Amino acid sequence: VAAGLTFCTILYAIHVGRFHFIKTEETIEIEDLPDSFDGYRILHVSDFHLGSFGHSQKRLEYVFDSMEAQHPDIIVFTGDMVNNFATECNGWKYLFDKLHCPDTKLAILGNHDYGAYYDWDNEDLRSMNEIAIRQEIRDFGFKLLLNSHHFVTRGNDTIAFIGVENWGTSKRLENKADFPKAYKGTERIKTKILLSHDPTTWPRGVRDTTDIALTLSGHTHGGQIGIETKWFRISPAMFMIKYWDGLYKEDDKYI
């Protein structure tokens, strides 16, 4: 029975769950937010892992149509465009071309966007693949924030989006984030929003020591597996990562 349930669960995940996306909308109240940005709409997406969908672009069209229908002011992507290879981006550009916003599209790199989880024959091949992944993200229309920031101005008001490279730690991938470098130049801006792929960076280096009002992350895939009803949600992720899915607030800071 256990083997049968496991087998059926895997089949469901591959043929149904993989294409089952849920849109959520949150209202975030930021103290001292400039008046010009009241009602500002951020479309936040993350962890496409395009190689996981093969040539299923047609089945994903409704997702991109839904994103476009939100009429966002800005679109941010918080990493893991691919699993390992730049070639995973082939055939997807026409969908990303659907995404428009009056300000800009910003992106950062996730841990998988460095190609570090494949045993390359030599470092030059890995480096060339990483450079190609970055170019593919740019070709999708995103401005890539590599330990840097981007200002959005409306009238006399400005907010700052700060983007860091992967801020996680693993045996195969070093910590590539340089927060001081990304932050430098934004000191005078009251409202700052951080794009950081791994949410565990929030309690480790953002929440208590910076003036970042909102951090946007991905990485956890909302637990990937679990049970969700209208009464409760459970996932193995909740036992490993405190901020594993949805919106969290502590004091006046959000992730």
Side-chain angles (χ1 to χ4, degrees), residues 13-14 18 44-57 60 64 75-97 99 104-150 161-184 194-202 204-206 215-224 237 240-241 244:
I14 292 173
R18 185 160 54 116
H44 174 213
V45 291
S46 194
D47 293 78
F48 274 121
H49 290 275
L50 295 179
S52 298
F53 296 101
H55 300 287
S56 301
Q57 288 89 348
L60 271 295
F64 286 82
I75 299 172
V76 300
F77 176 77
T78 51
D80 280 2
M81 184 66 76
V82 300
N83 292 327
N84 284 299
F85 310 111
T87 53
E88 296 173 36
C89 295
N90 295 348
W92 291 91
K93 187 176 184 302
Y94 84 96
L95 288 177
F96 285 93
D97 286 345
L99 303 181
T104 190
K105 296 193 290 186
L106 301 175
I108 58 172
L109 298 176
N111 54 305
H112 281 267
D113 295 323
Y114 299 90
Y117 299 95
Y118 178 77
D119 292 323
W120 299 92
D121 291 337
N122 57 68
E123 177 59 22
D124 287 342
L125 290 175
R126 190 209 62 77
S127 180
M128 290 172 59
N129 180 69
E130 180 184 338
I131 292 171
I133 290 171
R134 295 184 181 194
Q135 188 57 50
E136 291 286 359
I137 294 172
R138 293 186 177 103
D139 289 345
F140 287 163
F142 291 94
K143 177 181 179 180
L144 197 55
L145 297 182
L146 302 171
N147 295 320
S148 59
H149 56 264
H150 175 84
F161 285 84
I162 300 171
V164 293
E165 292 197 53
N166 188 61
W167 201 343
T169 55
S170 71
K171 295 180 180 179
R172 303 198 63 151
L173 182 62
E174 63 183 285
N175 184 1
K176 292 181 174 290
D178 189 338
F179 181 78
K181 177 183 176 183
Y183 185 90
K184 186 177 181 180
L194 176 67
L195 309 183
S196 177
H197 179 66
D198 191 331
T200 62
T201 62
W202 193 56
R204 289 193 287 121
V206 176
T215 298
L216 299 175
S217 299
H219 189 56
T220 68
H221 298 218
Q224 186 99 358
M240 297 179 286
I241 302 176
W244 66 278

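Values in this document were obtained by computation on a predicted structure and should not be read as measured data.
Of the inter-residue distances, the one linking Lys105 atom NZ with Leu144 atom CG reads 13.0 Å to the nearest 0.5 angstrom. The CD1 atom of Ile137 sits 6.5 Å away from atom SG of Cys89, with the distance rounded to the nearest 0.5 Å. With values rounded to the nearest 0.5 angstrom, Ile241 atom CD1 is found 6.0 Å from Thr220 atom OG1. Rounding to the nearest 0.5 Å gives a distance of 6.0 Å between CD1 of Ile133 and CG of Asp113. If you take NE2 on His149 and CG on Leu195, they are separated by 13.0 Å, rounding to the nearest 0.5 Å. Interatomic distance, CG of Asn129 versus CG of Asp124, reported as 12.5 Å (0.5 Å rounding).
When each of Leu146, Asn166, Val164 is tested with Leu109 by the rule side chain to side chain contact (heavy atoms under 4.5 Å, CB included), just one qualifies, namely Leu146.
Two residues are said to be in side-chain contact when any heavy atoms from C-beta on lie closer than 4.5 Å; Phe53 and Leu60 meet this criterion. Proximity of Lys143 to His150: side-chain heavy atoms (C-beta onward) are separated by under 4.5 Å at one or more points. Met81 places a side-chain heavy atom less than 4.5 Å from the side chain of Phe140.
Under a 3.5 Å cut-off, the side chain of Asn147 and the backbone N or O of Lys176 do form a donor-acceptor pair. Judged purely by atom type and a 3.5 angstrom limit, Trp120 uses its side chain to pair as donor or acceptor with the backbone of Gly115. Within the 3.5 Å criterion, the main-chain N or O of Val82 finds no donor-acceptor partner in the side chain of Asp80.
Residues that satisfy the side-chain hydrogen bond (donor to acceptor under 3.5 Å, both in side chains) test with Ser52, not counting sequence neighbours, are Asn83. Applying the salt bridge (charged side-chain N to carboxylate O under 4.0 Å, His left out) test to Lys93 and every residue at least two apart in sequence or in another chain returns Asp97. Residues meeting the side-chain contact (heavy atoms from CB on, under 4.5 Å) test with His219, sequence neighbours left out: Asn111, His197, Asp198, Pro199. When the side-chain contact (heavy atoms from CB on, under 4.5 Å) test is applied to Asp121, the partners found at least two apart in sequence or on another chain are Leu125. Under the rule for a ring pair (Phe, Tyr, Trp, His ring centres under 6.0 Å), the partners of Tyr117 that lie at least two apart in sequence or sit in another chain are His112. Among residues two or more places apart in sequence or in another chain, the side-chain hydrogen bond (donor to acceptor under 3.5 Å, both in side chains) test is passed with Ser46 by Thr78. By the salt bridge (charged side-chain N to carboxylate O under 4.0 Å, His left out) test, Asp119 is found to be paired with Arg172, residues two or more places apart in sequence or in another chain being considered. Here Thr201 pairs with Ser196 under the side-chain hydrogen bond (donor to acceptor under 3.5 Å, both in side chains) rule; sequence neighbours left out. Listed by chain and residue number, Phe64, Phe77, Phe96 satisfy the ring pair (Phe, Tyr, Trp, His ring centres under 6.0 Å) test with Phe48 (two or more places apart in sequence, or in another chain). Partners of His221 by side-chain contact (heavy atoms from CB on, under 4.5 Å), not counting sequence neighbours, listed by chain and number: Asp47, His49, Gln224. Residues forming a side-chain contact (heavy atoms from CB on, under 4.5 Å) with Lys184 (at least two apart in sequence, or on another chain): Glu187.
Among all heavy-atom pairs drawn from Trp244 and Gly223, the shortest one is CE3-N, 3.9 Å. When all heavy atoms of Leu145 and Phe161 are compared, the pair lying nearest together is CD1-O, 3.9 Å. Taking both residues in full, the closest heavy atoms of Ser148 and Ala182 are given as N-CB, 3.6 Å, listed atom of the first, atom of the second, then distance.
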Run the side chain to side chain contact (heavy atoms under 4.5 Å, CB included) check on Val76 and Leu216 step by step: do they pass?
CA-CA 9 Å; Val76 300; Leu216 299 175; 3.8 Å; yes

Checking side chain to side chain contact (heavy atoms under 4.5 Å, CB included) for the pair Phe142/Leu106: CA distance, chi angles, key distance, verdict?
CA-CA 5 Å; Phe142 291 94; Leu106 301 175; 5.7 Å; no

Could you walk me through whether Val206 and Leu194 pass side chain to side chain contact (heavy atoms under 4.5 Å, CB included), step by step?
CA-CA 9 Å; Val206 176; Leu194 176 67; 3.6 Å; yes

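Applying the salt bridge (Lys or Arg N to Asp or Glu O under 4.0 Å) definition to pairs two or more places apart or across chains, those involving residues 125-138 are Glu123-Arg126, Arg126-Glu130, Glu130-Arg134, Arg134-Glu165.
Side-chain polar atoms of Glu88 and Asn84 form no donor-acceptor pair below 3.5 angstrom.
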